[in-house]
Amino acid sequence: MPGDSILSLRGSLRSGISSSPSLWDEWLGRKVTWRLQRRILPHLRWNQEIWGETIRQYLTHPVHWLDAGCGRRLLGKDLEPLENELVSLAQIVVGVDLDFAHLRKHVNISRRVCASLDSLPFSDASFELITCNMVVEHLPAPFTTFQEMSRVLAPGGTLMVHTPNSRNYLVFTNILAKKLLPRSMVLKLVPDRAPDDIYPTYYRANNARVLRDLGESVNVRPESVRFLTHPRPYTRFFAPAAFFELLLMRATMTRPLGRFGATIVMVFRKQPTESPRIASAA
């Protein structure tokens with residue numbers, strides 16, 4: 001029947017259209033990129049997981065821990081077991097954030113305070129550990145925030161910062177795009193992020209030198225620095241471009257080019273306040 005032929009033709013067209021994304025993934029898209037990544041960077045790990053494991057090294061004994069700019073979770077999706085382990089190792093964990101909507105939905109921390117990082121509602125030397133995960137890039141006045149974190153950090157305590165590295169090609173491109181493109185277009189370029197989870201960025205303390213200087217200016221001395229690579233290529237939707245990006249990512253994991261990694265993990269130690277010297281009697 002002619003009608004049956006038309007229906008059959010429509011079905012074939014629909015089938016071809018629906019299968020085209022799969023064909024793209026198989027030959028030029030994400031599936032090919034994933035196979036390339038397993039060959040070029042077989043041991044690549046998510047920087048959020050590495051960040052969590054770094055925090056664990058400083059939880060060998062119960063501490064009072066402040067997660068500054070805590071958002072809605074400690075690490076990232078699918079890392080719940082590690083997040084829960086970290087919380088269980090601390091004596092007390094407090095999360096502080098100015099975004100109440102995210103704060104009230106936090107999945108790991110029960111003690112939460114809605115406050116600005118520039119005016120923390122805690123007494124001096126209240127915490128032995130302060131962490132700051134993907135927050136520094138959003139600070140319009142990083143010196144003020146670091147000064148406050150130093151104030152509430154106990155002498156000998158640890159401040160840990162994880163933030164994008166402005167010397168990395170992706171971060172630099174993002175900074176450039178913010179200056180040249182309207183915000184609506186920039187938001188479309190950010191993959192896998194909801195619009196309400198994207199905050200204004202300033203990048204005023206986003207390279208190792210500036211972070212070191214900032215820490216020393218508020219009496220927290222840099223103890224270690226590590227550069228991490230992002231977990232997958234930005235161009236993963238187009239395998240030929242992703243191939244070259246994977247090679248670039250691999251290069252940033254070598255010693256000469258390590259400082260161009262995607263994110264920085266810097267650990268600071270609060271210096272004890274020197275006691276005033278008492279003059280000896282003549």
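Computed from a predicted model, the values in this text were never measured in an experiment. We count residues from 1, following the sequence as given.
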Problem set entry | Leu86 side chain reached by Arg56 side chain, heavy atoms, under 4.5 Å | yes
Self-check item: Check: Thr252 side chain, Gly261 main-chain N or O, donor-acceptor pair, under 3.5 Å
Solution: no
Query raised in the report: Should Val210 and Phe146 be counted in the same cluster of Ile, Leu, Val, Met, Phe, Trp and Tyr side chains packed under 4.5 Å apart?
Result: no
Output for pair (Gln57 CD, Thr158 OG1), nearest 0.5 Å, gives 11.0 Å
Residues Met266, Arg212; criterion side-chain contact (heavy atoms from CB on, under 4.5 Å); working and verdict = CA-CA 9 Å; Met266 189 169 287; Arg212 285 192 187 99; 3.9 Å; yes
Hits for ring pair (Phe, Tyr, Trp, His ring centres under 6.0 Å) against Phe122, two or more places apart or cross-chain, chain-then-number order -> Phe127
I want to check something: taking the side chain as every heavy atom from C-beta on, are Tyr58 and Val267 in contact at a cut-off of under 4.5 Å?
yes
By side-chain contact (heavy atoms from CB on, under 4.5 Å), Lys31 pairs with (sequence neighbours left out) Asp25, Glu26, Arg35
Cluster membership besides Tyr203, Ile/Leu/Val/Met/Phe/Trp/Tyr side chains within less than 4.5 angstrom, sorted by chain and number, is Val171, Ile175
Hits for side-chain contact (heavy atoms from CB on, under 4.5 Å) against Ala262, two or more places apart or cross-chain, chain-then-number order -> Asn168, His230
Does the side chain of Arg73 reach to within under 4.5 Å of the side chain of Glu80, using non-hydrogen atoms?
-> yes
Query raised in the report: Among the clusters formed by ILVMFWY side chains lying less than 4.5 Å apart, do Tyr169 and Ile40 turn up in the same one?
Result: yes
Shortest non-hydrogen pair, Asn47 vs Thr229, comes out as ND2-O, 4.0 Å
Please step through side-chain contact (heavy atoms from CB on, under 4.5 Å) for the pair Leu117 and Glu148, ending with a clear verdict. CA-CA 7 Å; Leu117 299 186; Glu148 269 295 274; over 6 Å; no
Checklist entry - If only atom types and distance count, is the side chain of Arg259 paired as donor or acceptor with the main-chain N or O of Pro256 below 3.5 Å? => result yes
What one should report as the nearest heavy-atom pair of His138 and Pro140 is O-CD, 3.3 Å
> Just by distance, with hydrogens left out, do Asn219 and Ser150 show a side-chain donor and acceptor under 3.5 Å apart?
Replying inline: no
- Please check if Val113 and Val152 belong to a single hydrophobic cluster, counting links between Ile, Leu, Val, Met, Phe, Trp and Tyr side chain heavy atoms closer than 4.5 Å. yes
Given the options Asp99, Val96, Leu103, Asp97, Cys114 meets side-chain contact (heavy atoms from CB on, under 4.5 Å) only with Leu103
Any donor-acceptor pair under 3.5 Å from Lys105 side chain to Arg72 backbone
no
(message) Are the side chains of Pro142 and Leu214 in contact, using a 4.5 Å heavy-atom criterion?
(response) yes
So, the side chain of Arg167 versus the backbone of Phe260: is there a donor-acceptor pair under 3.5 Å, distance only?
-> no
Rounding to 0.5 Å, atoms CG (Leu228) and CD1 (Ile50) come to a distance of 5.0 Å
The reported gap from CE in Met160 to OG in Ser224 (rounded to nearest 0.5 angstrom) is 7.5 Å
Smallest heavy-atom separation, Pro233 atom then Ala242 atom, equals CG-CB, 4.2 Å
- Query: In terms of side-chain heavy atoms, does Glu83 have a donor or acceptor partner in Asn108 at a distance below 3.5 Å?
  - Reply: yes
Rounded to the nearest 0.5 angstrom, the OG1-CG distance for Thr54 and Leu59 is 11.0 Å
Value for CZ (Phe100) from CZ (Arg112), rounded to nearest 0.5 Å, stands at 8.5 Å
Note: Phe268 and Gly215 closest approach over all heavy atoms is CE2-CA, 3.8 Å
* Asked: Are His43 and Met253 side-chain neighbours, meaning at least one heavy-atom pair lies under 4.5 Å?
  -> no
#### Entry: Candidate pair Val87 and Leu74, rule side-chain contact (heavy atoms from CB on, under 4.5 Å), full reasoning
CA-CA 9 Å; Val87 171; Leu74 278 171; 3.5 Å; yes
Cluster check Leu41, Tyr234: I/L/V/M/F/W/Y, side chain < 4.5 angstrom = yes
Rounding to 0.5 Å, atoms CD (Gln271) and CD (Glu216) come to a distance of 9.0 Å
In terms of heavy-atom contacts, Met149 and Ala68 come closest through SD-CB, 4.0 Å
>> Applying side-chain contact (heavy atoms from CB on, under 4.5 Å) to Gln48 and Asp78, what does each step give before you reach the verdict?
In response: CA-CA 10 Å; Gln48 284 293 321; Asp78 300 326; over 6 Å; no
4.5 Å side-chain heavy-atom contact, Met134 and Thr263
yes
Between Trp65 and Ala90, the two heavy atoms sitting closest are CE3-CB, 3.9 Å
| query | Asn206 versus Asn165: any side-chain heavy-atom pair under 4.5 Å? | reply | no
Exercise. Does some side-chain heavy atom of Trp51 sit less than 4.5 Å from a side-chain heavy atom of Asn133?
Worked result: yes
Q.
Quick check: is Val135 connected to Val225 through a chain of hydrophobic side chains (ILVMFWY, heavy atoms under 4.5 Å apart)?
A. yes
The side-chain contact (heavy atoms from CB on, under 4.5 Å) partners of Ser116 (sequence neighbours excluded) come to Leu98, Asp118
### Donor-acceptor under 3.5 Å (Glu223 side chain, Arg221 main chain)
no
So salt bridge (Lys or Arg N to Asp or Glu O under 4.0 Å) across residues 121-137, not counting sequence neighbours, yields Asp124-Arg151
Q.
Other residues, nucleotides and ligands only: do more than 12 of their heavy atoms fall within 6.0 Å of CZ on Arg250?
A. no
